[in-house]
Structures are given as structure tokens and as C-alpha cells.
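A quick write-up on the structure given underneath.
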Amino acid sequence: MDDRHMQIGEVAARTELSLRTIRHYEETGLVIPSARSQGGFRLYTETDVARLMVIRRMKPLGFTLEQMRDLLDATDRLDGDAPLDTAERAALLARVRTYQQAAVEQVEKLRTQLSRAEDFATTLTARLNRTAPPADVQHDDAVRTSR
């Protein structure tokens, strides 16, 4: 990955997270800026942005901060330079697989909720189309009433 450093504002724009949210994730230990400028400003790398994107994607699926931390720990260890024995690697992969399965299940639940919400909106639209006068008639009535 690129070693170029970015300030928090650029990271916020790229991740579509607020400055406050990024700082909160720092306070909770999920993402630590890779460096600080001489003036004390947080500096982030592409790796830090990738971590924030994992968090951003987990949040709407209902994962807790602790679960996010656990997944990031597992992926950090899998991607790290430290050698892993076969059993440790298998355990880490099993942890990641558990989160992958939970994400797939949550996506299916969200699809069901979205489908139901779309059905409801369609039902309301059909109801309004059957019983409400056309918009131009409502406008004409309002004009006549105001005179």
C-alpha cells in the first residue's frame, strides 16, 4: 500500500465518515493514526483508510465495536509479518469466516426488510392514486378557496 500520509479531513472525505466518528474510533482503539505531524495533526495511510472502510461496512450490519475489534485483530494477524503455525492460522480463518457468515445473514435480513418497505411504499402509492384527486385539481381547489 501507499505510504503517503493524509490528514483526518481527507480521510473523512474518502471514507464518508465524520471527523468525530474517526476520532471516536481512535479513542476506542479501532484505528490509530499511523503518525502525527510536527504540529500534532493525525496522519493516516491507505492501510488506516482500509481499516476505517471495514468498520464503516460492519456498522450498518449491526456489528458491535468489540466484534469490529476482534475481526480487525484476526485480519491484522493473518496479514502480519509474524509467522503463524497451522493451528493458529486455521483458528484465525475460522474467526473471519464466522464474521463473513454473520454478514451474509444480516444482508439477507436487510434485503427482506427493504422488500417489505418497498411493498409498503407501493401499497401507499396505489392507495393515494385510487382516492386522491390529481395534483392539478388539488392546486385548482386551493386557488379557488383562497380567493
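We're numbering straight along the sequence, starting at 1.
Summarising the local packing, CZ of R130 is surrounded by more than 12 heavy atoms from other residues, nucleotides or ligands at distances under 6.0 Å.
Partners of R14 by salt bridge (Lys or Arg N to Asp or Glu O under 4.0 Å), not counting sequence neighbours, listed by chain and number: E46. E66 is linked by a side-chain hydrogen bond (donor to acceptor under 3.5 Å, both in side chains) to R69, counting only residues two or more places apart in sequence or in another chain. Partners of E26 under the side-chain hydrogen bond (donor to acceptor under 3.5 Å, both in side chains) rule, at least two apart in sequence or in another chain, are R36, R42. When the ring pair (Phe, Tyr, Trp, His ring centres under 6.0 Å) test is applied to Y25, no partner is found at least two apart in sequence or on another chain.
D48 approaches S34 most closely through the heavy-atom pair OD2-OG, 2.5 Å. For the pair H5 and A35, the tightest heavy-atom approach, listed with the atom from each and the gap, is NE2-CB, 3.8 Å. Shortest non-hydrogen contact noted between L110 and P60 is CD1-O, 4.1 Å.
Distance check, rounded to the nearest 0.5 Å: CG of D119 to CG of L124 gives 11.0 Å. Note that the OG1 atom of T98 and the CD atom of Q101 stand 6.0 Å from one another [nearest 0.5 Å]. If you take CG on L65 and CD on E27, they are separated by 11.5 Å, rounding to the nearest 0.5 Å. Here E118 contributes atom CD and T123 contributes atom OG1; the two are 11.5 Å apart, rounded to the nearest 0.5 Å. Taken from CZ in R57 to CG in L52, the straight-line distance is 11.0 Å, to the nearest 0.5 Å.
I8 places a side-chain heavy atom less than 4.5 Å from the side chain of R23. Residues T45 and R4 fail the side-chain proximity criterion, which asks for heavy atoms closer than 4.5 Å. Proximity of T112 to R116: side-chain heavy atoms (C-beta onward) are separated by under 4.5 Å at one or more points.
For residues 62-110, every residue pair satisfying the ring pair (Phe, Tyr, Trp, His ring centres under 6.0 Å) rule, not counting sequence neighbours, is listed here: F63-Y99.
Tracing side-chain contacts under 4.5 Å through hydrophobic residues (I, L, V, M, F, W, Y), one reaches L72 starting from L17; they form part of the same cluster. Both V11 and M53 sit in one connected hydrophobic cluster of ILVMFWY residues. Membership requires side-chain heavy atoms under 4.5 Å apart, directly or through other members. Cluster annotation: L30 and L43 are assigned to distinct hydrophobic clusters (Ile/Leu/Val/Met/Phe/Trp/Tyr, side-chain heavy-atom contacts under 4.5 Å, transitive). In terms of hydrophobic clustering, with Ile, Leu, Val, Met, Phe, Trp and Tyr side chains grouped at heavy-atom distances under 4.5 Å, I22 and I32 are assigned to different clusters. The cluster map of Ile, Leu, Val, Met, Phe, Trp and Tyr, joined by side-chain heavy atoms under 4.5 Å apart, puts F41 and V31 in different clusters.
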Considering only distance and modelled atom types, tabulate donor-acceptor pairs under 3.5 Å from the side chains of residues 77-96, sequence neighbours left out.
from: R77; atom 1: NH2; to: E88; atom 2: OE2; distance (Å): 2.4
from: D85; atom 1: OD1; to: A87; atom 2: N; distance (Å): 3.2
from: D85; atom 1: OD1; to: E88; atom 2: N; distance (Å): 2.7
from: R95; atom 1: NE; to: D70; atom 2: OD1; distance (Å): 3.3
from: R95; atom 1: NH2; to: D70; atom 2: O; distance (Å): 3.0
from: R95; atom 1: NH2; to: D70; atom 2: OD1; distance (Å): 2.7
from: R95; atom 1: NH2; to: D73; atom 2: OD2; distance (Å): 3.1

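Between the S115 side chain and the R111 main chain, no donor and acceptor come within less than 3.5 Å of each other.
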